[in-house]
K.L.:
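Got a structure here, written out as structure tokens. Questions coming.
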Amino acid sequence: MNIDELKSVAGAIVAKQKGVLAADESNPTIKKRFESIKLESTEENRRRYRELLFTTDGIERYISGVILFDETLRQTSREGTPFAKLLSSRGIIPGIKVDKGAKALALYPSDKVTEGLDGLRERLAEYRQLGARFAKWRAVIQIDEHDVPAAYAMRANAHELARYAAICQEADIVPIVEPEVLMDGTHGIDRCEAVTSQMLESLFAELDAHHVVLEGILLKPNMVIAGMKCARQASVQQVAEASVRCLSRHVPAAVPGIVFLSGGQSAEDATDHLNAINIVGAKSPWQLSFSYGRALQAPVLAAWRGQEGNVAAAQKVFLKRCRLNGLAREGKYNRTMEAATEQPIS
Ligand code: 13P
């Protein structure tokens with residue numbers, strides 16, 4: 001394990017003003033996203049879409065890394081340049097999703113556990129050769145009104161995340177550790193905070209037991225937020241305060257950065273929340289950044305709709321979302337910027 005390399009890659013991913021584009025949708029997930037714009041999910045359409053994202057001029061000011069799916073890491077631009085090479089040549093670090101998805105946890109009918117550890121060491125060696133310098137593993141924690149998630153399900157997911165993180169560090173690949181407490185449901189923000197706290201506690205105990213070096217990981221958590229169907233939605237300020245409080249109680253200062261997922265928030269909410277989190281958490285020991293999938297891509301897909309003639313307009317939308325999240329990362333965003341056409345920040 002080369003700890004200096006791990007630290008340097010993790011630090012570069014959470015450099016000032018920058019965050020991560022999660023473009024690692026599995027084929028079933030991207031199929032769902034394409035259905036929303038009535039586009040067939042062929043290998044070529046997936047390639048065209050990822051090419052649109054990765055060739056957008058100017059995103060390198062705000063995007064430090066891109067998480068790819070296995071298929072995408074093996075694809076090329078229309079000129080034949082491998083995507084990983086194209087991204088690296090622009091100063092953007094390629095990453096790879098390595099989990100194989102959340103499956104039902106046996107004998108716990110409402111909980112899930114993420115699979116994908118078998119053969120991971122060998123896969124990582126190949127991914128590194130293909131250019132990946134960081135990885136992602138997503139655990140999924142569902143909340144319901146009663147006894148879900150089970151404490152055991154959280155421990156099982158924490159154990160898998162820690163094994164994954166250790167295997168990544170052994171291969172000199174920075175693990176992004178993602179314990180996602182889902183926003184689905186009617187629960188309030190307090191319950192989200194309690195479950196997120198318990199999950200983080202289990203996670204850091206397991207990371208410690210697995211000898212994972214915290215200076216060489218990034219944490220990708222949910223924000224502490226009310227369930228989407230909760231009648232009492234929390235304000236932006238409440239989300240920021242609860243998120244920073246929860247993280248400062250449970251995330252050691254040695255972790256270099258926290259890169260939030262967007263989890264189904266609208267693009268504007270995800271940016272606004274990140275901005276408020278950076279203001280409330282200005283004195284935090286870790287960088288507070290983003291690793292958004294839907295919140296960066298939903299407006300881009302809507303502008304593109306699969307049409308070649310819409311590529312330039314979709315890229316403009318994409319650059320705008322990257323720029324606004326770059327500002328939010330510094331606590332310099334406000335919602336009036338959504339309407340304005342502004343110059344990139346230097
Ligand atoms: P969302 O921002 O759409 O939640 O996706 C981030 C991600 O990578 C989930 O694993």
Side-chain angles (χ1 to χ4, degrees), residues 13-14 19-36 49-50 53 62-73 92-103 112-116 132 134-143 157 160-161 164-165 168 174-185 192 196 199 203 217-225 227-228 239 243 257-274 277 288-302 318 321-322 324-326 328-329:
I13 292 172
V14 290
V20 175
L21 164 67
D24 60 326
E25 298 83 3
S26 63
N27 287 349
T29 302
I30 197 78
K31 183 166 182 288
K32 268 194 269 167
R33 305 278 188 265
F34 280 2
E35 272 163 12
S36 73
Y49 174 57
R50 267 67 183 246
L53 296 172
Y62 318 110
I63 300 295
S64 52
V66 175
I67 317 174
L68 304 166
F69 184 58
D70 181 280
E71 174 187 276
T72 323
L73 184 61
I92 299 174
I93 306 170
I96 179 78
K97 168 198 176 75
V98 299
D99 68 71
K100 298 247 169 126
K103 308 284 160 61
K112 292 193 164 161
V113 67
T114 300
E115 296 185 351
F134 70 99
K136 180 192 104 172
W137 178 289
R138 173 175 179 252
V140 176
I141 305 297
Q142 170 91 48
I143 297 182
N157 275 293
E160 305 278 295
L161 277 166
Y164 141 81
C168 284
V174 171
I176 292 191
V177 175
E178 180 177 3
E180 176 173 5
V181 177
L182 293 179
M183 280 174 73
D184 304 343
C192 177
T196 304
M199 182 63 214
L203 176 63
I217 71 164
L218 293 169
L219 177 69
K220 176 165 174 169
N222 51 286
M223 292 175 186
V224 174
I225 196 165
M228 259 180 298
V239 170
S243 299
I258 292 176
V259 290
F260 292 97
L261 57 93
S262 62
Q265 302 177 51
S266 71
E268 290 82 0
D269 283 353
T271 308
D272 211 359
H273 285 144
L274 179 66
I277 285 172
L288 291 161
S289 186
F290 60 91
S291 173
Y292 291 161
R294 284 162 286 180
L296 281 171
Q297 293 185 55
V300 184
L301 275 173
F318 182 44
R321 286 267 50 93
C322 295
L324 293 181
N325 283 300
R329 193 174 157 351

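Note that this is a predicted model, so its numbers are computed, not measured. Counting starts at 1 for both ligands and their atoms, following the listed order.
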K.L.:
Are there any N/O pairs under 3.5 Å between ligand 1 and the protein, and if so, what are their distances?
P.N.:
{"from": "ligand 1", "atom 1": "2 (O)", "to": "Ser262", "atom 2": "N", "distance (Å)": "2.9"}
{"from": "ligand 1", "atom 1": "2 (O)", "to": "Ser262", "atom 2": "OG", "distance (Å)": "2.5"}
{"from": "ligand 1", "atom 1": "2 (O)", "to": "Gly293", "atom 2": "N", "distance (Å)": "2.7"}
{"from": "ligand 1", "atom 1": "3 (O)", "to": "Arg294", "atom 2": "N", "distance (Å)": "2.8"}
{"from": "ligand 1", "atom 1": "3 (O)", "to": "Arg294", "atom 2": "NE", "distance (Å)": "2.7"}
{"from": "ligand 1", "atom 1": "4 (O)", "to": "Gly263", "atom 2": "N", "distance (Å)": "2.7"}
{"from": "ligand 1", "atom 1": "4 (O)", "to": "Arg294", "atom 2": "NH2", "distance (Å)": "3.1"}
{"from": "ligand 1", "atom 1": "8 (O)", "to": "Lys136", "atom 2": "NZ", "distance (Å)": "2.8"}
{"from": "ligand 1", "atom 1": "8 (O)", "to": "Lys220", "atom 2": "NZ", "distance (Å)": "2.6"}
{"from": "ligand 1", "atom 1": "10 (O)", "to": "Lys136", "atom 2": "NZ", "distance (Å)": "2.5"}
{"from": "ligand 1", "atom 1": "10 (O)", "to": "Glu178", "atom 2": "OE1", "distance (Å)": "3.0"}
{"from": "ligand 1", "atom 1": "10 (O)", "to": "Glu178", "atom 2": "OE2", "distance (Å)": "3.0"}

K.L.:
Partners of Ser36 by side-chain contact (heavy atoms from CB on, under 4.5 Å), sequence neighbours excluded?
P.N.:
none

K.L.:
Out of Val20, Ile67, Ile96, which one pairs with Lys136 under the side-chain contact (heavy atoms from CB on, under 4.5 Å) rule?
P.N.:
Ile67

K.L.:
Out of Val14, Leu219, Leu288, Leu274, which one pairs with Val259 under the side-chain contact (heavy atoms from CB on, under 4.5 Å) rule?
P.N.:
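When Val14, Leu219, Leu288, Leu274 are each tested with Val259, the side-chain contact (heavy atoms from CB on, under 4.5 Å) holds only for Val14.
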
K.L.:
Is there side-chain contact between Met183 and Gln265, with at least one heavy-atom pair below 4.5 Å?
P.N.:
yes

K.L.:
Just grab all the side-chain hydrogen bond (donor to acceptor under 3.5 Å, both in side chains) pairs involving residues 175-185, residues at least two apart or on different chains.
P.N.:
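Pairs touching residues 175-185 that pass the test: Arg138-Glu180.
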
K.L.:
Name all residues meeting the side-chain contact (heavy atoms from CB on, under 4.5 Å) criterion together with Ala298; count only those two or more places apart in sequence or in a different chain, and write none if there are none.
P.N.:
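None.
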
